[in-house]
Amino acid sequence: MQENVVDSEENTRIRQSLIIDQLIPLIDSSLKDPKLQSSPLFVLVEETIRSWEKKAGSPELGEDLANTYSAILSSFWESLERICVAQVDVIEAGELELAGVSGLLQVMQNPNSSLKATRKKKAKIRFTDEEDNGKDSIQEEPRDSDVVSITMDDQRQKPLQDLVCKLAELSMVYIAQQPSNRHLRFLAALLSAFSSVRVFHVLLEQTHEDPTSPGNPAVGFLHQKLTIWLREGSRGDADFLVDILYSVLKCCPEPLERKQLLDDLVKMDFQWHVFLYIIQKAKRRLIERTGQQGAHCSDKWALLSLVLSEHVRNESLIAETYVEKIIDKLHLALAQAKDLSEAGDIEPSVSFICDVASNFFSSVKDCLQMPSAEDLLLTIFQLCAQPSDATHLSEALLMKLKHTWMSGLNSLVAQFHNIPRGSTFLNRSAHWVKDQMETSHLTVQSLQSLMVAVDDLHGKILQVGPSASHILAEHVSRMMPSDEKWQKMRQCLPGQWSSKPLLEGRLSTNSETSGTDHKSFPKSWLPHHLCAASLLSKIAFRMLENDAAPKDEEIGSKINIAVAEMLYSLQWCEELERPPAIVTECRHMLRTMDVTQERLQDLSTHRCALLELLYTRSLESGTIWSLTLHKMISLSNPGPGELKRLAAGTQSYFPVTQGLLHTLQCLSPFLPKEDKESLIIQFVSRLMSCDVTELSCIEGGFGFLAILNSCLDAESVPSPEVFPGILKIILTWKNTCKDLFLFSSNLSDAGLDIVGLNVEIIRFFSLFLNYSASALVSLEDTEWDFIMCSMLSWLETACETPPLYHVPLVRLFACVSCRLASDLSAYFQSGAREKLPEKLTSEWNEFFSEGIYTLLLPMLVRITGENKSCETSSYTSVLQSLGEALCYISKEQLLKHKLPAKFVAGQRSNLPDGLQSLLNSLTPLLLYRERAVQVTVYQMLNKIMVDLPAFDEDHGAEDEEEPTLSPPAALMSVLALQEDLVDALLQGIPVGEFAVIQPLKEEFCFVLGYLLTWKLILTFFKASSSQYLRKTKSLNKLLYNLFKLMPHTPVLPGQASDATSKDPKTFFTEELNLSVQDCAKLQSEIPHLACCVYHITLKDLPAMVRLWWNGCEKRIFSVVDKFTTKYVSGVLSSQEISAVQCSTQMFDGMTVKARPTTREVIATYSVDDICIELIIQLPQNYPLGAISVESGRRVGVAVQQWRNWMLQLNTYLTHQNGSIMEGLSLWKNNVDKRFEGVEDCMICFSVIHGSNYSLPKKACRTCKKKFHSQCLYKWFTSSNKSTCPLCRETFF
């Protein structure tokens, strides 16, 4: 065709032949062949016609070619009309041929209506260029569902509609003359694709009606023909007749018109299957076209609303059988939407079903007696009980779904009197919830959604009143797991809980316990026990608060079990040292839903039964049940009498079992003093008579000593001889069975029962040191030697077994050994040492103390070197105990360390080799990602930091400028790495905004190490010159970061509510106590530490901070000024004034007084007949603002000289980092020397140099004037000349 478009007779014949002899016969054959109909043939024909239409309408091709293509199109449509009419204009028209004609016309109307199987997947390949760099070079064509329907132009629309009208007219002729079911189906197919007013206008002409009459022709056709067909047609005809109905609705543009039409249909006497087909088609078409929400949804909604609603006389519009079938269809559709929610957009269908179901539940009485209605309500409940990320539904649709759920609930509770106790919905929903708790992997959001849905259900049931309590109780009973299932879920809880109570001494064990490997912990879903306990306890709390539990012992027992299991699960969460994020999130969610341990305080009437249950389970199993009992007692605070009644069932404490041991350990803090004394007496007597073979058993020495350790404290010891008596018993064990003591032993060869016994002995020694100081003084030398030698031997054993720290008992042994070393160090460093024999003290200092740190310091370096990160390792607790012991090391012991030599190539240092090795070994640990290590290293380095500048004091020449001493290179290299990490962390946060650092995260360690390093550097510069910081401007970056780490309101947390009326405590008024072990205030540690660093910087380097502040941009300038004035200036001013008031420094001839209320310091200098008075006033924003120096009385001093002295003091206070007393001292020395005849240095106009306090000594040979050597050096380097500043002669 393309090659024969030139206008000539021969080409015209060829074109006619191609159409009439080739294309049209092929199309005619396809109308009789189903394979050709399902092939791409119709689509290809349409594409060919479309290309001709484009060329016929393109002015670029010229008028001749356009006319040629128009003639081709005209020939095609004439030929196509001929074969289509031939197929339709037959009484016995074939069904296949009619389907082919309608299919071809539908493709010509909309190519996208063809089957997707006939469309081949196409791809366009192109090469990328510079502008499209990074984009895919292969682009897939849009899917059929994404293609916008092609809008026909007039060249196709007119002939196609003409053809459709002619075929519709022919069909009506055969339908009227001889009812032809095939022609009726063909007409329905045509109207579905071509539902236009013109077609219905043609059809009206065949009914002998006046087509020019007013009104919509489609509506007229409905009343004249379609209603008759619907009334008389069989059930098999209803399907395609409903298609014609929807074609009529499409021709009604106004919603009001469609509504009126539907109302009229409902009033007509149609058979029930007609309405059923209408509803089925409405649902089916909506689901098939979920992406298209148009006016048709209102039609379908109106239909379903009408057929499912009731008339005034409560008579159903359609038969109940059909109602149930409709509801069943809705349920199936909703179930499919739930299962296929990830496959695509199902929101329109769910929204549609929600509308229908909500109306049905609210309008039809006793509707839930239908099984299909209960199925639908259960599916809606299941959808509401899942989070949005699981259902993939929008928040708006979820709200609609919940509204539907509440409508169903209202209908459910309204007919409880007609529902038996075994209601299908209640039973099935209970089993489904139980299955979710026990087997599904629930996230925090999933658990919350499930709890809310169940709570809504039970809340509605409770609204019915006491009569529904048995229904609620039965529903809860069906959800409750069995005792075996509860036990299985408890056993599946990860065992990381055991480490914390063992380390804190709340529980004891001498057998294998679960480890602390968090890698085995599920990171994405919650343990089943936590889910079940949380949900069921929420229900139990509601029932107990509303007193809805029936007076049934079985139900009451199950409620108590649910609450007890909740306490167990929450206690498990609480015992985790570093719980995974999902557990922390779950606990926060439960607090928001008021599922907490504290909730039990409001349920005092049920406390006794719950305590008895917990006590029984604690005696049976111990472990977490005992800890849960302890928590319950601490919350409910029962009286001594109640505790005695609780333990009344225990006939004897012997033999000791694990359950009894753990129960007594957790009860001991609440026992009265006399009960504790009775326990101590019983178990001390048992300890004395214990057989050597039973010393490491729970029912022997280990169990007895563990219970004694739990009962021994400063108040409950019945006699001062108890501690020494137990010590003598342990010493007897050592003499008779030395193998029981792990002295310098290999723990890999020792049994865990022996390890457990040694742990309890070490704990007893620590208790002895802490609670019986008076008895310690009376100990014999052999007993002291036993304690101290045992401690050192245990430490040697612990230091040799780091590879076994993954075993909880071995790790516990190392921790308690380090704690005993800490307790002994604290005891000998306290005032109690004065009461001890001098020989014992000297032995401690010369041998035992040195032995401790000879072991522990290398152990710290070795563990941190072998384990780069301790986030999930088993070394965390060991490092905490180890660090606590190392904090007692003295400066002398640090300097005499036994660490291997460690030097860095190219590192310049004036420090001794031993000190340099110490710094090179410890300073990198400030980067270690474990808080305990960072704090320990800081505490040790802080002891030697003030002495480091002394090693550099002899390395500066006298005639050079003031030496710019720099901190140790090892410390500065660590700071450089920390600055990069902190800058990356705080990047994008404006100065003045508070960056929240979560505790114990990686970022927490970065910031903590950074701030601790700066504290060490500031300590260094407090003892030396700060010229290094002034030159490098490294302090500026710190100050910018501090104003990102300090909170907007630095108020100390945990203050009483009435603290606002007084001056609240802030991070600037309270000192930060950095403890290795204390982790109670980690949330505020970084903000508090940042404030401390800022406080130190302002106090020790005020001139440098003032210089930085003056150079800040306007916004930062204002932020710093407001914050400092509000929170820091008052504190620093008070400290400065107090320092003046409390100063013991005496000045000969000068008195200094302070006025705290006005922030003034008054200095009066008098010599002979001269009297000078200075008034120094601190600004409101001290130390940012300049300190003002004003003159008071002035007698006997020339004006010029007076101005020079005022300038000297003002310059010092503004530009030097010193206190007011230091400035006054320097000023007085200047004045004294001036009166002694010493002339000012003519460079700085001062007698005393401001930094090194030297006198002018370098004299010019020409003018004889003297200058400070540092002033001359600065003059020569800045002017690039070697001339005298006064006479300009060469200075020799």
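Considering CG of Leu1018 and CG of Leu1038, their distance stands at 7.0 Å, rounded to 0.5 Å.
The nearest pair of heavy atoms linking Leu447 to Cys586 is CD2-SG, 4.1 Å. For the residue pair Thr923 and Leu971, the shortest heavy atom distance occurs at CG2-CD1, 3.9 Å.
Not one N or O on the side chain of Arg1155 forms a donor-acceptor pair closer than 3.5 Å with the backbone of Val1161. Judged purely by atom type and a 3.5 angstrom limit, Ser1118 has no side-chain atom pairing as donor or acceptor with the backbone of Arg1115. At distances below 3.5 Å, at least one donor-acceptor pair connects side-chain atoms of Lys943 with backbone N or O atoms of Ile889. A donor-acceptor pair is defined here as one N or O able to donate and one able to accept, closer than 3.5 Å; such a pair exists between the side chain of Lys500 and the backbone of Glu574. When atom types are taken as modelled, the side chain of Thr864 and the backbone of Val861 share a donor-acceptor pair closer than 3.5 angstrom. The backbone N or O of Pro494 sits less than 3.5 Å from a side-chain atom of Trp572, completing a donor-acceptor pair. Proximity of a side-chain donor or acceptor of Thr1066 to a complementary backbone N or O of Val1051 within less than 3.5 Å is not detected.
Within 6.0 Å of CD in Gln987 there are 12 or fewer heavy atoms belonging to other residues, nucleotides or ligands.
Donor-acceptor pairing under 3.5 Å is recorded for the side chains of Thr1013 and Gln978. Inspection of the Thr1124 and Tyr1094 side chains reveals an N or O donor paired with an N or O acceptor under 3.5 Å. Using a 3.5 Å distance cut-off with no hydrogens or angles, the side chains of Thr443 and Ser446 do pair a donor with an acceptor.
Residues Arg1159 and Glu1136 are not paired through a salt bridge, judged by the lack of any N-O separation under 4.0 Å between the basic side chain and the carboxylate.
Between Phe1068 and His1095, the ring-plane angle classifies as tilted under the 30° and 60° cut-offs. Relative ring orientation between His441 and Trp525 is described as parallel, the plane-to-plane angle staying below 30° on a 0-90° scale split at 30° and 60°.
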TODO: Would you sort out whether Gln571 and Glu575 count as a side-chain hydrogen bond (donor to acceptor under 3.5 Å, both in side chains), showing the intermediate values?
DONE: CA-CA 6 Å; Gln571 191 66 39; Glu575 298 300 336; 2.6 Å; yes
TODO: Kindly indicate, with the supporting measurements, whether the criterion side-chain hydrogen bond (donor to acceptor under 3.5 Å, both in side chains) is fulfilled by Gln445 and Glu585.
DONE: CA-CA 10 Å; Gln445 293 75 21; Glu585 185 184 355; 2.9 Å; yes
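Outside the 6.0 Å centre-distance limit, the rings of Phe1067 and Tyr1127 are not counted as a close aromatic pair.
Of the candidates Phe1021, Trp1014, Trp1108, Tyr1040, Leu1035 forms a side chain to side chain contact (heavy atoms under 4.5 Å, CB included) with just one, namely Trp1014.
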